[in-house]
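Comments concern the structure below.
Scope of the values below: all heavy atoms of this structure, side chains included, with no hydrogens, waters or symmetry mates. The shown structure was predicted, so the numbers you read here are calculated from the model rather than taken from an experiment.
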Amino acid sequence: MRCAFGASQESRCGRVCNEHRKNEVRKRSERIYARRYKMDQRRKRRRRRRRPQSRRRRKRNLMLRMIFFFIIVIGVIAGLIFWKKYGPTKEQADLNQYYGIQSENQLAIIINNKVHEAQGMISDGKAYVEYSIVRDYINERFYWDPNENIMLYTLPNDIIRVGVGNKDYTISKEKNSADYVILKTEGNTAYIALEFIKQYTNMEYEVYDDPSRVVISTETGEISVAKVKSDTVVRYQGGVKSPVLTEINKKDEVIVIEEEGDWRKVRTVDGFIGYVRENTLKNVQTKTITREFTEPEFSSIKKDYTINLAWHNVTNVDANSSVLEMIARTKGLNTISPTWYNVADTSGNLSSIATSDYVNYAHQSNIEVWAAVRDFDGGIGSFEESYELLSHTSSRENLINQLIASALQIGIDGINVDFEKIDVNCGEHYIQFIRELSVKCRQNGLVLSVDNYVPQSFNAQYNRKEQGVFADYVVIMGYDEHYAGSPVAGSVASYNFVKSGIENTLAEVPAEKVISGVPFFTRVWEETPKTSAEIQAAAGTDQAEYTTNVTSTAYSMSEAKYLLAQAGVTAVWDEATKQNYASWEADGKTYKVWLEDVQSLEPKL
């Protein structure tokens, strides 16, 4: 069949169908496009409506992100600051600076729980320590005489002598030898071999390297020790920012010195003294240190009766005859000390007015004679002269030899040392004199007694503790609380003054060796007001606080009692001083006296 245009019916229908499909597709596309267009328009309209809200949200989100970023940055910075401030440092301490080492040959010194100045050296494989360190911290009986280049060590009955650069030493003129040089010097500085020191000292030591140091232990008795829990470090000070001195390992033992909050001050075996945290230690316990060492035994002459001693002021040979009178008017006296000996010069020559007759009279009355030797009232009489005398070994020996020779010749029983011109610089030389004299007295059976001021901080150089070892008796001169040149009037020996003198001496000296000396005299004080010119002249000086001129005169007990009777004055009891006190005025002056009498002496005895 054909269509009107001449085409077959099938062809015409096909074309219609194609056109129809195309139209359908076009319409469908138009509808899709229209829908999409409408959707886009709706979206645009919605965007236009939502645009202000989105900008605010984006700004808010940006702000939040920035804040969060800044918080992170600040946190990181704070963490770094916190770590820098509180985090443990690994900084290593400068050990040369810690130990005070400034040159290659120096040897650092650690004694017990203290790092001392690096005043040591290693020479020929041996450790040496400077003399002052030995004297002050290890063994004070080692004595160095730089004037005569000799070192001494005093034993109970002998004196060890060592010359500079020597391996040899002598004991009672008997020669001994070591396999090393015992004493070396650099300029005026002396160094003693530690091995030699150890022979006469209860101590132990060990030498370590990097840096060179020696650890010396002289302590005995109980100490506190602990074990280390785990590997840790010892710091210079308590705190994690303090530099590290050394590392210590688990199970190491340390000595615990003291507690400081969460930290413990410790000493390691190899000589580092620093701090560790408390929680790094365990098993803190007490440990007893003992060593095999035999201390020398110093024998003493001890009387089996109470010593009742009186000093007898003898100024010349003829005055010795007064001993009979003194014995006759004194009850209970069993020891007398005549002032016979004076040091004539700084070479140690002796001035003597001793007589055997005096000794015979005393012995007939069962009284021992302990002759006094003094560094004043004849011959030398100044601090400088006493120093010059005692700082030379040969001068000390000369004086001691003459004393012993005179004592044996005259037949006296003992020597009483009354040296009152000893200053701080002279202290070590003075006590060495006492040591050396004690050896000679012990060898010859002579009693050695030593006079001392009432203990005060300014007379500690007399070294009463060491006297208590070497001397047989230590005598307290319990008077001169207010002395001849005192700027104020006062008691010569108030009760509390005497009491404190005894108590402080007993803290250093065995009780059986202590003799308490009390005065049988007093001072009458005379006070006159200062003139305005005197007050003005004293302005700015120590005398400015005193408004009166004060002088005094010493009187025996009987003389003072007579003086009060002449003045028509009656003394009254003063509870503060435990003495009878009197005061009166005459000729524009004020007189004051604190009496020594039976009532005042009784509580002091």
Worksheet entry | Any pair counted as salt bridge (Lys or Arg N to Asp or Glu O under 4.0 Å), so long as it reaches residues 184-198, sequence neighbours left out |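 Passing the test, one end in residues 184-198: D124-K184.
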Discussion item. Strictly by salt bridge (Lys or Arg N to Asp or Glu O under 4.0 Å), give each pair with a member in residues 448-474 just once, sequence neighbours left out.
Written reply: R141-E466, R435-E466, R464-E508
Under a 4.0 Å threshold between the charged nitrogen and the carboxylate oxygen, would [Y] count as salt-bridged to [X]?
X: E174; Y: R161; value: no
X: K287; Y: E222; value: no
X: K303; Y: E368; value: yes
X: K421; Y: E385; value: no

Report the residues that fulfil salt bridge (Lys or Arg N to Asp or Glu O under 4.0 Å) with [X], sequence neighbours left out, ordered by chain and then residue number.
X: K440; result: none
X: K227; result: none
X: E219; result: R267

Could you state the interatomic distance from [atom1] ([X]) to [atom2] ([Y]), rounded to the nearest 0.5 Å?
X: N416; Y: R374; atom1: CG; atom2: CZ; answer: 10.0 Å
X: Q443; Y: N157; atom1: CD; atom2: CG; answer: 6.0 Å
X: N139; Y: T201; atom1: CG; atom2: OG1; answer: 3.5 Å
X: I327; Y: H312; atom1: CD1; atom2: NE2; answer: 9.0 Å
X: M121; Y: Y128; atom1: CE; atom2: OH; answer: 6.5 Å
X: S217; Y: I110; atom1: OG; atom2: CD1; answer: 12.0 Å

I'd like to know whether the aromatic ring centres of [X] and [Y] sit less than 6.0 Å apart in this structure.
X: Y236; Y: Y275; value: no
X: Y191; Y: Y131; value: no
X: Y169; Y: F196; value: yes

Discussion item. Could you walk me through whether L403 and N401 satisfy the side chain to side chain contact (heavy atoms under 4.5 Å, CB included) test, starting with their C-alpha distance in whole Å, then the side-chain angles of each, then the deciding distance to 0.1 Å, before giving a yes or no?
Written reply: CA-CA 5 Å; L403 274 170; N401 289 337; over 6 Å; no
Parallel, tilted or perpendicular: which fits the ring planes of [X] and [Y], with parallel below 30° and perpendicular above 60°?
X: F433; Y: F419; result: parallel
X: Y358; Y: W340; result: perpendicular
X: Y479; Y: F521; result: perpendicular

Item to complete: Could you walk me through whether I160 and L152 pass side chain to side chain contact (heavy atoms under 4.5 Å, CB included), step by step?
Response: CA-CA 5 Å; I160 299 172; L152 307 174; over 6 Å; no
For [Y], does its backbone N or O pair with a side-chain atom of [X] as donor and acceptor, under 3.5 Å?
X: R396; Y: H429; answer: no
X: D423; Y: N425; answer: yes
X: N334; Y: N308; answer: yes

Worksheet item: So do the side chains of I122 and K126 get within less than 4.5 Å of each other, counting heavy atoms only?
Response: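 No; the side chains remain at least 4.5 Å from each other.
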Listing, residues 512-520 side-chain donor-acceptor contacts under 3.5 Å, not counting sequence neighbours, or none:
unit_1 : atom_1 : unit_2 : atom_2 : d
K513   : NZ     : S300   : OG     : 2.9
K513   : NZ     : G468   : O      : 2.8
K513   : NZ     : A471   : O      : 2.9

